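Every value quoted in this text rests on a predicted model; they were computed, and no experiment measured them.
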Amino acid sequence: MPTANDPRTLSALYNISSLLGKTEDAGIALRAILAEIIAYFDASSGSIALLNPDSGRLEIEVQQGLPDDSKESALRLGQGITGWVAFHGRPQLVPDVTADPRYVSMRAAVRCEMAAPMIDDHGQTFGVINVDSDTLASFAPASLEQLILFTAEASAVMQRLWQFYQLKGKARQLETLITIGQSLVTKLEQQELFETVTRETCKIIQGRACALYLYNTARKTVRLAALYSPATSGEQGRTTSGEHSRPPLPHGGPHQSDDLPLDSCLVASAFATRKQVEFANIQSPEFLDVIDLPRDPQLHSVLVTPMLVEGDALGALAIFTGHIHRFNNDEKRLAAALASLATVALQNARLYSRVFHSEESLRKNEQLTTLGLLAAEIAHEIRNPLTVIKLLFGALGLEFAENDPRRTDERLIREKLDQLEAIVTRVLNFAKAPASLHSRWSVTDIVTDTLMLVRLKVAQGKIHLRFDPPPRPTIVDVQKGQIQQVLLNLVLNSTQAMPEGGTITVRCDGDAHHVFIDVADTGTGIPAGLHERVFDSFLSGRPGGTGLGLAIAKRIMLSHAGDIALVSTSPAGTTMRLTLPLAKN
């Protein structure tokens with residue numbers, strides 16, 4: 001028998017180790033390793049069995065010289081010579097298999113067998129290399145030493161191939177995660193978001209189904225928001241929450257509209273612990289009374305990952321497999337990353353909904369302000385001729401006798417003139433911002449809060465928002481809501497001037513007594529004929545415009561002892577400037 005240093009042994013070792021540079025396919029490498037070892041020992045047959053981490057059994061991965069159905073057999077740890085070697089982690093040489101009670105026959109002609117464990121870098125057995133001979137005592141102790149040498153080299157090769165495969169897989173997963181993340185942040189409709197999350201999670205982890213549950217903390221209930229199950233919905237899969245996605249079972253399953261009591265749901269454990277939980281087989285009898293599980297008898301193992309916001313459970317992402325499976329750390333980390341992405345996207349969608357409603361509220365407030373200022377403008381125009389009429393009527397010096405009926409008419413006219421004057425005064429006072437509502441505000445805070453309200457809207461329009469804050473802390477004494485209304489009007493006007501996208505820049509500067517806020521865009525500019533009249537009431541340069549936005553903005557700025565002006569406009573863009581006095585120390 002050749003020694004460890006003879007050319008034939010070194011050649012076999014080289015052939016095994018060189019597989020790292022020849023192939024990335026683990027199956028091809030295993031077949032080449034087995035062929036090399038069988039040829040070296042002139043063996044009659046052989047196999048390489050690997051330990052299945054889910055079932056805990058040894059399964060033949062590749063074989064040579066054994067019956068075709070041998071790959072369908074699986075050995076328990078400790079069963080047969082191969083199972084004994086895997087269980088104890090020690091090689092074995094059996095000169096006569098018929099005399100060994102451990103032997104499990106795969107081929108009747110086998111008489112001699114030797115096997116060596118494949119051990120990883122952490123000292124754990126992950127497989128066994130087995131060679132057979134049809135001749136009694138065909139292998140000597142020196143042969144076993146050679147097999148141990150080859151098996152150690154083969155173990156190192158396979159570990160490196162699997163590590164490379166895992167690294168490539170993780171790289172693909174990272175790329176997919178980035179793609180999913182970019183996709184999710186654009187989903188502003190919640191149901192579409194739920195369906196995307198379950199579909200992409202099921203694909204990237206290669207599960208049989210994926211479900212997303214929402215948790216109502218106030219009511220202590222759980223609702224199935226979406227379920228993706230490609231196996232029951234055709235090759236392309238389908239995301240649904242309805243009953244048609246699952247074949248019926250006696251214990252039923254959840255529907256989209258169901259509010260399920262938390263204490264009857266499997267996902268409750270994830271909400272209670274705020275940690276991932278997994279269950280090996282949900283088809284076991286103890287899960288019959290669980291009401292939140294999909295009705296698919298092919299689902300077995302499940303990993304439930306909570307969706308957390310500052311420690312509070314918002315929902316859960318559940319991944320189901322079609323066989324009993326033990327989720328590894330990589331799968332758990334991937335599920336946690338997907339759940340985090342889903343949480344951020346859901347929060348983003350909810351925030352957008354709130355911002356949208358806030359913007360609608362601001363629009364309604366703007367309309368009310370428009371009506372108020374329009375009424376004030378009318379009242380202001382009425383007051384002047386009313387004052388003239390009252391003065392002229394008083395100057396007439398009408399004196400009628402006590403019993404003259406015209407005396408009553410004269411009194412009534414005076415009362416009605418006074419009444420009209422009071423109405424006009426009330427309208428004007430109502431439209432005027434009370435000084436008591438003014439307070440000290442940072443210009444940076446006012447602008448930042450305003451841009452926060454419209455950031456999603458401008459993002460949808462492919463518009464980039466840029467804010468250059470004042471070089472030093474700048475404080476003004478204003479009614480914040482009205483100044484925000486002016487800024488909001490300018491920004492929205494800019495977005496309408498840039499239907500294909502562009503940039504809006506807000507810059508702040510000033511002098512010793514004033515702050516200047518410039519709102520500049522890269523839009524199409526204001527038509528030349530409107531430059532001198534942009535602040536006139538009912539003047540609009542776009543269809544559907546009221547022509548009151550800039551007129552109201554002008555009145556608001558004047559009421560704050562400030563002003564608004566058109567700095568420049570051209571086909572390359574427009575710049576508007578707000579001027580406000582600095583607050584007194």
Report yes or no: does [X] contribute a side-chain atom to a donor-acceptor pair with the main-chain N or O of [Y] at less than 3.5 Å?
| X | Y | answer |
| --- | --- | --- |
| Gln191 | Ala225 | yes |
| Thr522 | Thr503 | yes |
| Thr198 | Glu195 | yes |
| Ser269 | Leu266 | yes |
| Ser229 | Leu227 | no |
| Glu278 | Val304 | no |
| Asp292 | Val267 | yes |
| Thr495 | Leu492 | yes |

Can you find a heavy atom in the side chain of [X] that is under 4.5 Å from one in the side chain of [Y]?
| X | Y | answer |
| --- | --- | --- |
| Thr201 | Ile319 | yes |
| Leu550 | Asn493 | yes |
| Val454 | Thr450 | no |
| His560 | Gln482 | yes |
| Ile446 | Leu487 | yes |
| Leu299 | Pro294 | yes |
| Val491 | Leu451 | yes |
| Thr321 | Gln206 | no |

Once rounded to the nearest 0.5 Å, what's the spacing between atom [atom1] of [X] and atom [atom2] of [Y]?
| X | Y | atom1 | atom2 | answer |
| --- | --- | --- | --- | --- |
| Leu417 | Glu421 | CG | CD | 8.5 Å |
| Arg333 | Asn328 | CZ | CG | 8.0 Å |
| Gln479 | Ser559 | CD | OG | 8.0 Å |
| Gln485 | Leu490 | CD | CG | 10.5 Å |
| Leu317 | Leu212 | CG | CG | 5.5 Å |
| Thr444 | Asp449 | OG1 | CG | 10.5 Å |

Basic-acidic side-chain contact under 4.0 Å: [X], [Y]:
| X | Y | result |
| --- | --- | --- |
| Lys584 | Asp477 | no |
| Asp468 | Arg466 | yes |
| Lys554 | Asp563 | yes |

Taking every non-hydrogen atom, the tightest pair across [X] and [Y]:
| X | Y | result |
| --- | --- | --- |
| Val302 | Phe327 | C-CE1, 3.6 Å |
| Ala313 | Tyr215 | O-CD2, 3.6 Å |
| Gly525 | Thr569 | CA-OG1, 3.3 Å |
| Met307 | Ala339 | CG-O, 3.9 Å |
| Phe467 | Cys508 | CE1-SG, 3.7 Å |
| Val476 | Pro581 | CG1-O, 3.6 Å |

In a check of side chain to side chain donor-acceptor pair (under 3.5 Å) between Ser494 and each of Thr575, Thr574, Asp521, which one passes?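 For Ser494, the side chain to side chain donor-acceptor pair (under 3.5 Å) check succeeds only for Asp521.
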Go through the steps for Lys220 and Asp263 under the test salt bridge (charged side-chain N to carboxylate O under 4.0 Å, His left out), then give the verdict. CA-CA 8 Å; Lys220 300 295 182 184; Asp263 55 5; over 6 Å; no
Candidate list Ile205, Val197, Thr305, test side-chain contact (heavy atoms from CB on, under 4.5 Å), partner Leu338, passing option: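 Only one option passes, and that is Ile205.
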If you apply the rule side chain to side chain contact (heavy atoms under 4.5 Å, CB included), what do you find for Met498 with Ile504, and how did you get there? CA-CA 10 Å; Met498 297 184 292; Ile504 298 175; 3.3 Å; yes
Quick one: does NZ or CZ of Arg208 land under 6.0 Å from the six-membered ring centre of Phe320, within 45 degrees of the ring axis?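 No, cation not above the ring by the 6.0 Å, 45° rule.
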Check step by step if side chain to side chain contact (heavy atoms under 4.5 Å, CB included) holds for Leu580 and Met557. CA-CA 8 Å; Leu580 283 170; Met557 295 306 297; 3.5 Å; yes
Dump the intermediate steps for side chain to side chain contact (heavy atoms under 4.5 Å, CB included) on Val506 and Ile517, then the final yes or no. CA-CA 7 Å; Val506 181; Ile517 306 173; 3.9 Å; yes
Start with the C-alpha gap between His513 and Leu582, add the side-chain angles, then the distance that decides, and say whether side chain to side chain contact (heavy atoms under 4.5 Å, CB included) holds. CA-CA 6 Å; His513 304 288; Leu582 297 174; 5.6 Å; no
